[in-house]
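Quick notes on the structure that follows.
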Amino acid sequence: MQINNLEKFQSVVKSGQIAKGMVITLNDPAISELAADAGFDFVWLDMEHSPFTITDISNHILALRGTDCAPFVRVPWNEPGIIKVVIDLAPAGIIIPMVNDADAMRAAVSACRYPPEGTRGCGLRRAVHYGAKSTEQYFAEARNEPLVIAQIEHIDAVRNLDEILAVKHLGSICVGPYDLSGSMGKFASPDDPEVGKVIDQVCEKAHRAGVLAGAFAEHYEFWAHRKLNWAALCTDAGALFRQSRICIENLKNAVGKIQDKSRSDIRSGI
């Protein structure tokens, strides 16, 4: 829908570019607005690991209207009651954690699609532009929106990946390397060779199935050969922290140069 910029995100991907995103963990919706102004193609609003209320999520999504940035929401769990209140805000995509088999994938899709293809309840407000859009147009668009994104972050999901990828209306997978490595007995070791081979397999299968592949890819050199379609490059807090450290170091360097010059001038008798 135009209201959530999904078409713009898909246009970037279809052009062969990598759609670039930021993971949002801070409550202030100005962070999402900033991400859009900075040039990100999407934000990943993280309800799973951040203290967001549904009002916070609503405000972040509203902050992106009229920009070129698409709001994706990672829900805390694959549960219809949770998904329902988020999906009524008309996000561009829903990221669903721990999709480990085809049944879980079908349940996720069902929560995101109206009958007869799903069981989503009908709540019309923002998605119909508060009445400016016809319900007929909205229901036609809702057959393919929001983008349903399954997190592949457990070895069980890898074992069941062919069946997961075959589920209709799955739009993308999102690789979770840390949880995946943990499920393999190698927690926090995404660069372990065995884990790397599994990630390669996941990405290759997604590409062959015509399903988009994405990930949190802060260290993009790790992902470069895996040909991601979209990549979350940083978190808001992480970017703020790193830039803060850079500012502090710049100040230290500038003060150091001034002090060095002052000492040099004293030695020269200036």
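Only a predicted model underlies this, so the values are computations on that prediction, with no experimental measurement involved.
- In this structure, I83 is not a member of the same hydrophobic cluster as Y114, with clusters built from ILVMFWY side-chain heavy atoms closer than 4.5 Å.
- Residues V148 and R113 are in side-chain contact: their nearest non-hydrogen atoms beyond the backbone lie under 4.5 Å apart.
- Between R226 and D200 a salt bridge is recorded (basic side-chain N to carboxylate O distance below 4.0 Å).
- A side chain to side chain contact (heavy atoms under 4.5 Å, CB included) with I199 is found for exactly one of D191, V158, V175, namely V175.
- Remark: the backbone N or O of E221 is not paired with any side-chain donor or acceptor of H219 at under 3.5 angstrom.
- Note that CD of E33 and SG of C69 are 11.0 Å apart. Values are rounded to the nearest 0.5 Å.
- Scored by the side chain to side chain donor-acceptor pair (under 3.5 Å) test, D162 finds K205 as partners (sequence neighbours excluded).
- Side-chain atoms of E7 come within 3.5 Å of backbone atoms of Q2 as a donor-acceptor pair (strictly under, hydrogens ignored).
- By the 6.0 Å contact criterion, CZ on R242 is enclosed, its count of non-hydrogen atoms from other residues, nucleotides or ligands being greater than 12.
- Between the side chain of S110 and the backbone N or O of R106 there is no donor-acceptor pair closer than 3.5 Å.
- Cluster annotation: M47 and I31 are assigned to the same hydrophobic cluster (Ile/Leu/Val/Met/Phe/Trp/Tyr, side-chain heavy-atom contacts under 4.5 Å, transitive).
- When hydrophobic clusters are built by joining Ile, Leu, Val, Met, Phe, Trp and Tyr residues whose side-chain heavy atoms come closer than 4.5 Å, directly or via intermediates, I96 is not grouped with W230.
- Paired with L165 under the rule side chain to side chain contact (heavy atoms under 4.5 Å, CB included), one option of I152, N160, I173 passes, and it is I173.
- Here the straight-line distance linking atom CH2 of W44 with atom CZ of F72 works out to 10.5 Å at 0.5 Å rounding.
- Put simply, the side chain of I24 does not reach to within 4.5 Å of the side chain of D46, judged on heavy atoms.
- Cluster annotation: V211 is not connected to F216 through the hydrophobic network of ILVMFWY side chains, with a link wherever side-chain heavy atoms come within less than 4.5 Å.
- Between Q151 and R74 the shortest side-chain heavy-atom distance falls below 4.5 Å.
- Within 6.0 Å of NZ in K133 there are more than 12 heavy atoms belonging to other residues, nucleotides or ligands.
- Residues F42 and K20 form no side-chain contact, since every pair of their non-hydrogen atoms from C-beta on lies 4.5 Å or further apart.
- Minimum interatomic distance between T235 and M22 (heavy atoms only, all atoms of both residues): C-CG, 4.2 Å.
- Panel note: side chain H60, backbone L26; a donor-acceptor pair is recorded below 3.5 Å.
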- prompt: Hey, mind stepping through R159 and D156 against salt bridge (charged side-chain N to carboxylate O under 4.0 Å, His left out) and telling me if it holds?
  reply: CA-CA 5 Å; R159 296 188 183 108; D156 288 345; 2.7 Å; yes
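- Under the 3.5 Å distance criterion, the side-chain polar atoms of N229 are left unmatched by any main-chain donor or acceptor of L212.
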message: Does D41 form a salt bridge (charged side-chain N to carboxylate O under 4.0 Å, His left out) with K8? I'd like the steps, not just the answer.
response: CA-CA 8 Å; D41 301 302; K8 294 177 181 178; over 6 Å; no
